[in-house]
Visitor: 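I have a structure here, written as structure tokens, and I will follow up with some questions on it.
Ligands are counted one by one from 1 in listed order, and the atoms in each one are counted from 1 as well. Just so we're clear, the structure is a prediction, and the values are computed from it rather than from any experiment.
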Amino acid sequence: MPLVTSKEMFERAMKEHYAIGAFNVNNMEIIQGIVSAAAEENSPVILQASSSAIKYAGYNYLLKMVEAATQETNIPIVLHLDHGPDFETCKACIDAGFTSVMIDGSKYDFEENVALTKKVVDYAHERGVVVEAEIGKLAGVEDEVNVSEDDARYTNPDEAYEFVQRTGCDSLAIAIGTSHGAYKFSGEPRLRYDILQKVKEKLPNTPIVLHGASTVIPELLEMCNKYGGNIPGAQGVPDEMLKKAGELGVSKINVDTDLRLAMTASIRKVFAENPEVFDPRKYCGEARKMIKNTVQNKIRNVFCSSNKA
Ligand code: G3H
Ligand code: 13P
Ligand code: ZN
């Protein structure tokens with residue numbers, strides 16, 4: 001099946017109250033691991049590449065590897081640009097054949113974000129490509145601040161409404177307490193479901209996106225640390241909280257850190273237990289299996305069994 005946009009999968013996800021998994025890809029093993037998990041679960045999937053992933057692997061390699069995945073499976077696959085930093089990068093991805101792009105204007109003020117997003121939307125829509133935009137700042141664990149400052153950092157539902165009306169973006173990433181990376185919360189994990197609900201009341205037909213949504217899977221973290229890693233005290237968003245976000249109207253959940261942990265933990269284990277191994281297929285093969293296993297568990301536990309292609 002050729003690459004698809006996220007339009008139909010989001011429509012169904014919104015109707016049935018679950019989220020679609022969006023997984024970051026950087027190399028062949030990651031792509032193969034994710035796609036084989038999604039194919040076994042008969043689940044649609046979003047493969048997303050950041051601009052640093054594109055710099056690392058190259059447009060052509062990423063695109064051709066994802067196209068190879070579409071030829072070998074029958075599930076709907078979206079190829080999405082994650083955190084597009086500017087118009088030029090979005091344009092290059094659209095021209096290259098990506099079916100979805102994110103323009104991340106969250107670093108700009110509201111008016112600049114609107115103008116930039118609108119420019120990308122106009123270019124993308126003329127070519128049948130969908131656009132994710134972002135409003136609000138994702139938290140960092142180091143940003144633990146008082147309540148009023150905290151509120152200022154989360155997405156403002158009225159602004160979210162105005163932003164979508166003025167830009168025509170197809171989906172919207174909002175800030176409700178998640179953050180990128182392995183250190184998301186210093187205390188108990190907490191998400192502002194109340195803000196999500198207010199945004200959904202105002203934008204019932206707009207798919208909402210949750211970035212920084214890795215669980216920082218404890219078993220993977222433990223495995224990394226056991227075999228020589230040094231990632232102490234990391235903590236993410238538990239699966240039940242992600243599931244609840246899906247039920248309350250989040251349609252896309254982004255996962256990168258958990259895949260990094262899966263890959264690193266498995267390679268560390270091979271090296272620690274088999275110092276004689278130097279065939280990359282041995283450790284990259286284990287990493288691919290671990291990626292598959294991690295994505296399959298995510299699909300079963302979070303993206304739910306009704307999430308079918
Ligand atoms: O949200 C960011 C993703 O985890 C991608 O990270 O820019 O290092 O590829 P990256
Ligand atoms: P994590 O760092 O929580 O995996 O978030 C990934 C992400 O938001 C990619 O855009
Ligand atoms: Zn992100």
Side-chain angles (χ1 to χ4, degrees), residues 6 19-27 29-31 33-34 45-59 61-62 66 78-86 89-90 93 98 100-107 131-143 153 155 169 171-185 189-191 207-218 220-221 224 231 234-239 241-242 245-246 250-265 290-291 294-295 297-299 301-303:
S6 47
I20 307 282
F23 300 95
N24 282 74
V25 298
N26 295 281
N27 66 18
E29 285 77 9
I30 296 175
I31 293 170
I34 297 165
V45 73
I46 298 170
L47 301 179
Q48 54 187 16
S50 67
S51 53
S52 32
I54 292 169
K55 219 174 278 166
Y56 175 77
Y59 279 102
Y61 276 95
L62 276 178
V66 171
V78 175
L79 178 57
H80 172 75
L81 167 67
D82 188 29
H83 292 285
D86 47 40
T89 309
C90 292
C93 287
F98 283 49
S100 174
V101 294
M102 174 187 189
I103 176 67
D104 183 356
S106 62
K107 56 188 174 293
V131 178
E132 174 184 326
E134 175 164 340
I135 179 169
K137 298 243 181 304
L138 253 62
V141 74
E142 71 282 4
D143 301 339
R153 201 183 46 202
T155 298
C169 65
S171 60
L172 185 68
I174 63 169
I176 58 166
T178 57
S179 60
H180 291 112
Y183 293 90
K184 302 192 191 296
F185 306 100
R190 191 173 72 104
L191 292 186
I208 299 300
V209 181
L210 202 57
H211 280 249
S214 276
T215 299
V216 187
I217 298 166
L220 295 178
L221 191 65
C224 275
I231 319 169
Q235 200 190 173
V237 191
D239 280 350
M241 289 178 71
L242 295 175
V250 166
S251 303
K252 172 175 178 270
I253 289 185
N254 286 9
V255 175
D256 186 3
T257 295
D258 281 335
L259 304 184
R260 295 180 183 198
L261 288 173
M263 185 138 200
T264 305
M290 191 63 100
I291 296 271
T294 303
V295 172
N297 285 337
K298 275 274 156 206
I299 291 173
N301 298 338
V302 177
F303 305 124

Visitor: If you have a sec, work out which protein heavy atom is nearest atom 10 (O) of ligand 2 and how many Å separate them, to one decimal?
Guide: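 Going by distance alone, atom 10 (O) of ligand 2 is nearest to D82 OD2, 2.6 Å.
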Visitor: Among protein heavy atoms, which sits nearest to atom 9 (O) of ligand 1, and what does the distance come to when rounded to 0.1 Å?
Guide: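 Minimum-distance protein heavy atom for atom 9 (O) of ligand 1 reads S50 OG, 2.6 Å.
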Visitor: I need the nearest protein heavy-atom contact for atom 2 (O) of ligand 2: residue, atom name and distance, please.
Guide: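 Protein heavy atom at minimum distance: T257 OG1, 2.6 Å.
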Visitor: Is it the case that ligand 1 has an N or O less than 3.5 angstrom from some N or O of H180?
Guide: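 Yes.
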Visitor: Is there a side-chain contact between K184 and P189, using heavy atoms and a 4.5 Å cut-off?
Guide: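 No. Closest side-chain heavy atoms not under 4.5 Å.
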Visitor: Can you name the N, O or S atom of H211 that is closest to the Zn ion (ligand 3)?
Guide: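 Per the distance ranking, H211 contributes ND1 as its closest N/O/S atom to the Zn ion (ligand 3).
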Visitor: Taking C-beta and beyond as the side chain, do I231 and T264 meet within less than 4.5 Å on heavy atoms?
Guide: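 They are not in contact (no side-chain heavy atoms under 4.5 Å apart), so the answer is no.
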Visitor: Given side chains that start at C-beta, do those of E29 and I291 come closer than 4.5 Å, heavy atoms only?
Guide: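 No. Closest side-chain heavy atoms not under 4.5 Å.
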Visitor: Contact between K184 and ligand 2, counting heavy atoms under 4.0 Å?
Guide: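 Yes.
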Visitor: Under 4.0 Å from any heavy atom of H83, which atoms of ligand 2 are there?
Guide: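 Result: 10 (O).
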Visitor: Which of the numbered atoms in ligand 2 are under 4.0 angstrom from any heavy atom belonging to H211?
Guide: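 Those atoms are 8 (O), 10 (O).
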Visitor: Under 4.0 Å from a heavy atom of H83: which atoms of ligand 1 are those, numbered in the order shown and with their elements?
Guide: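 Listed by number with element: 1 (O), 2 (C).
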Visitor: Measure the distance from atom 8 (O) of ligand 2 to every protein heavy atom, then report the residue, atom name and distance (to 0.1 Å) of the closest one.
Guide: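 The protein heavy atom lying closest is G212 N, 2.8 Å.
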Visitor: In Å and rounded to the nearest 0.5 Å, what is the CD1 to CG distance from I103 to L81?
Guide: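 It is 8.0 Å, given to the nearest 0.5 Å.
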Visitor: Just to confirm my numbers, could you give the angle made at the Zn ion (ligand 3) by NE2 of H180 and NE2 of H83, rounded to 10°?
Guide: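 Value returned, to the nearest 10°, is 100°.
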Visitor: Which one of D239, L261, D258 satisfies the side chain to side chain contact (heavy atoms under 4.5 Å, CB included) criterion with I217?
Guide: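 Between I217 and the candidates, side chain to side chain contact (heavy atoms under 4.5 Å, CB included) is satisfied uniquely by D258.
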Visitor: Taking only heavy atoms of H180, which atoms of ligand 2 are found under 4.0 Å from at least one of them?
Guide: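 Numbered from 1, ligand 2 contributes 2 (O), 5 (O), 6 (C), 7 (C), 8 (O), 10 (O).
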Visitor: Mind checking the CD-CZ spacing from Q48 to F23? Nearest 0.5 Å is all I need.
Guide: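 Result: 9.5 Å between the selected atoms.
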Visitor: Report yes or no: does a heavy atom of K55 sit under 4.0 Å from some atom of ligand 1?
Guide: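 Contact check K55 vs ligand 1: negative.
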Visitor: Do D82 and H211 make a side-chain contact, defined as non-hydrogen atoms from C-beta onward lying under 4.5 Å apart?
Guide: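 Side chain of D82 against side chain of H211, heavy atoms only: contact under 4.5 Å found.
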Visitor: So, applying side chain to side chain contact (heavy atoms under 4.5 Å, CB included) with L210, which one of I176, N254, V255 is it?
Guide: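 Going through I176, N254, V255 one by one, the side chain to side chain contact (heavy atoms under 4.5 Å, CB included) with L210 is satisfied by I176 alone.
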Visitor: Does the side chain of E134 reach to within under 4.5 Å of the side chain of V209, using non-hydrogen atoms?
Guide: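 Not in contact.
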Visitor: Which atoms form the tightest heavy-atom contact between A173 and M102, and what is the distance?
Guide: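 That would be CB-CE, 4.4 Å.
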Visitor: Could you tell me if the side chain of L220 sits less than 4.5 Å from the side chain of M290, heavy atoms only?
Guide: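 M290 reaches L220 side chain to side chain.
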Visitor: Starting from atom 4 (O) of ligand 1, find the nearest protein heavy-atom neighbour and note its residue, name and distance.
Guide: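 I find the closest protein heavy atom is D256 OD2, 2.6 Å.
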Visitor: Enumerate the atoms of ligand 2 whose separation from the nearest heavy atom of V255 is less than 4.0 angstrom.
Guide: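 Reading through ligand 2 atom by atom, the close ones are 4 (O).
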Visitor: For ligand 1, is any non-hydrogen atom under 4.0 Å from N24's backbone (N, CA, C, O), its side chain (CB onward), both, or neither?
Guide: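 Answer for N24: side chain.
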Visitor: Could you see which bit of A22 sits under 4.0 Å from ligand 2, with heavy atoms only: side chain, backbone, both or neither?
Guide: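 Under 4.0 Å from ligand 2, A22 contributes no heavy atoms.
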Visitor: If I apply the N/O under 3.5 Å rule, does N24 come out as touching ligand 2?
Guide: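 In fact, backbone or side chain, N24 has no N or O that close.
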Visitor: Taking C-beta and beyond as the side chain, do H83 and S50 meet within less than 4.5 Å on heavy atoms?
Guide: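 Of all side-chain heavy-atom pairs linking S50 with H83, none is under 4.5 Å.
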Visitor: Who's the nearest protein heavy-atom neighbour of atom 7 (O) of ligand 1, and how far?
Guide: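 Heavy-atom neighbour on the protein nearest atom 7 (O) of ligand 1: S52 OG, 2.6 Å.
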Visitor: Is there a polar contact between ligand 2 and D258, counting only N or O atoms under 3.5 Å apart?
Guide: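 Between D258 and ligand 2, no N or O pair is found under 3.5 Å apart.
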Visitor: Suppose we measure from atom 6 (O) of ligand 1 to each protein heavy atom; which comes out shortest, and what is that distance?
Guide: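 Closest protein heavy atom to atom 6 (O) of ligand 1: R260 NH2, 3.1 Å.
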Visitor: Does any part of the side chain of F98, heavy atoms only, come nearer than 4.5 Å to the side chain of L47, both counted from C-beta?
Guide: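 The answer is no, as the side chains (C-beta and beyond) never meet within the 4.5 Å cut-off.
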Visitor: Are any of the N or O atoms of G181 closer than 3.5 Å to those of ligand 2?
Guide: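 Right, the criterion is met.
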